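Below is one structure, written out as structure tokens; comments come after it.
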Protein chains: 2
Amino acid sequence: MISDDHNPGMPPDLHGDSFSEVEHRIEVTRRRLPGYPLDHVRLARLITHIQKLQTELCNEVLKPFELNFVTYTALMMMYGSEDQTSTPSELSSATGEKPTNVTRICDELLRKGLIERYPSTSDRRRVVLRLTAQGERLVEQYQPKIWEAMDQLYSKLSKAELQQVTSLLRRTLA
Amino acid sequence: MISDDHNPGMPPDLHGDSFSEVEHRIEVTRRRLPGYPLDHVRLARLITHIQKLQTELCNEVLKPFELNFVTYTALMMMYGSEDQTSTPSELSSATGEKPTNVTRICDELLRKGLIERYPSTSDRRRVVLRLTAQGERLVEQYQPKIWEAMDQLYSKLSKAELQQVTSLLRRTLA
DNA sequence: CAGAAATAATTCATAAATGAAATATTAAAA
DNA sequence: TTTTAATATTTCATTTATGAATTATTTCTG
């Protein structure tokens, strides 16, 4: 029966994947708005969609470690620092979090004993952050689980395909 | 002079684009962790990076309209509904926002007169949401600015390239 | 059909993220 | 060198997002 106040946007059998409903709405919008840049918008929405998905997958895996995607990212960026130290501003640009949020995140990691924080001697405005031994152990401990989560999404693409997507997407930043 | 407590991760002339520093940290991590799935992680981080960038670009453009990326997304998903109505749960899955947040967002859009909200007659658990004339006008008003923002990122790729990236990325959701 | 399970939306307490402003220090300009 | 401007970090108030629990209704199952 067709309701007079609301009907589902798509017949249920046309729901391919979790993105189909979004794509359908984009297509409807395209019909309504002349000049609508469908290809741009679809990719933009797809990126948002995948980003949310991978964040959720990671969060799931990280829960037992009492971490979330943001704290995990901060830890990984520190782990990947050439000299094993980072400043809050570097961490801000490496994680995409605002400096003010980095302060809070580091407060938390500090409280958990995963990092240490001390004033820089060479530039006294700065602060130096470093993983503790415990922090490094934790990073190494959750790796296998995170790799599994990544696999769930990205193992569907071959190495060549991954590199191609990556290189194309990178061009948007040029 | 090389500091004894902290040095920048990369020589400044190697900073290609905003993602280079992240990539560098991923590569350092790869050296430290045998078996590290570099291709997966790099793409995952790149997606996060671009997502943040496009969100910021949109927020910038939307500020004069007193909207942000999330409220804008909600409006667009409503605008793209086949019969011009949506329920909160549909909106939740179309926007990726939790139902509880959809309630808050709709409260706000309602308060601004951009949408209307009434109970469904066919299923009395549901609520029906619909853009008002004012809401539609606003959507149409900000389009050109949003398209410009999209262009800043995605016009660097050809139509064929956009479609290729999209189709590859889509495979991750299969 | 009755009872149980599932779905839809919301409220409320809490957590997470942001912007504006403050403080300290360094770098640049006059 | 003095002053000015820029950078780095933090604090605090506010906004935004989440999870747990609640209420109402519908669907499923025996």
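Sequence lines set the chain letters: A, B, ... in the order given, protein chains first and strands last, and positions in each chain run from 1. All of these numbers come straight from a predicted model, not from anything done at the bench.
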Here the distance between atom P of C:dA15 and atom CG of A:N59, to the nearest Å, is 16 Å
Rounded to whole Å, the CG-P distance (A:D107 to C:dA16) equals 13 Å
In B/S/- notation (B base, S sugar-phosphate only, - none; protein heavy atoms under 4.0 Å), nucleotides 14-22 of chain D written 5' to 3' is --SBBB---
Hey, is A:R30 close enough to A:E23 for a salt bridge, meaning N to O under 4.0 Å? no
Between CG of A:L110 and P of D:dT9 the distance, given in whole Å, is 15 Å
Practice problem: Would you please classify the geometry between the B:Y154 ring and the A:H40 ring as parallel, tilted or perpendicular, with 30° and 60° separating the classes? | Solution: tilted
Original post:
Any salt bridge between A:R130 and A:E136, counting N to O under 4.0 Å?
Top reply: no
Return no unless some side-chain N or O of A:R117 is found under 4.0 Å from OP1 or OP2 of D:dT10. yes
Under a 4.0 Å heavy-atom cutoff, the residues of residues 75-91 of chain A touching DNA chain D are A:T87, A:P88, A:S89
**Prompt:** Distance under 6.0 Å and angle within 45° of the ring axis: does A:R25 meet both against B:Y79?
**Reply:** no
Rounded to whole Å, the CZ-C1' distance (B:R124 to C:dT10) equals 17 Å
Quick one: do A:R126 and A:D123 make a salt bridge, cutoff under 4.0 Å?
yes
Point to revise | Side-chain ion pair, A:E97 and B:K52, N-O less than 4.0 Å | key: yes
A:R111 CZ to C:dA15 P, in whole Å, measures 10 Å
For A:S93, the side chain to side chain contact (heavy atoms under 4.5 Å, CB included) test, sequence neighbours excluded, returns B:E21
With the side chain defined as heavy atoms from C-beta on, B:R126 is closest, among D:dT9, C:dA8, C:dT25, to C:dA8
So, the side chain of B:T71 versus the backbone of B:L67: is there a donor-acceptor pair under 3.5 Å, distance only?
-> no
Side-chain atoms of A:R125 come closest, of D:dT25, D:dT9, D:dA8, to D:dA8
Original post:
Under a 4.0 Å N-O cut-off, is there an ion pair linking A:E161 with B:R171?
Top reply: yes
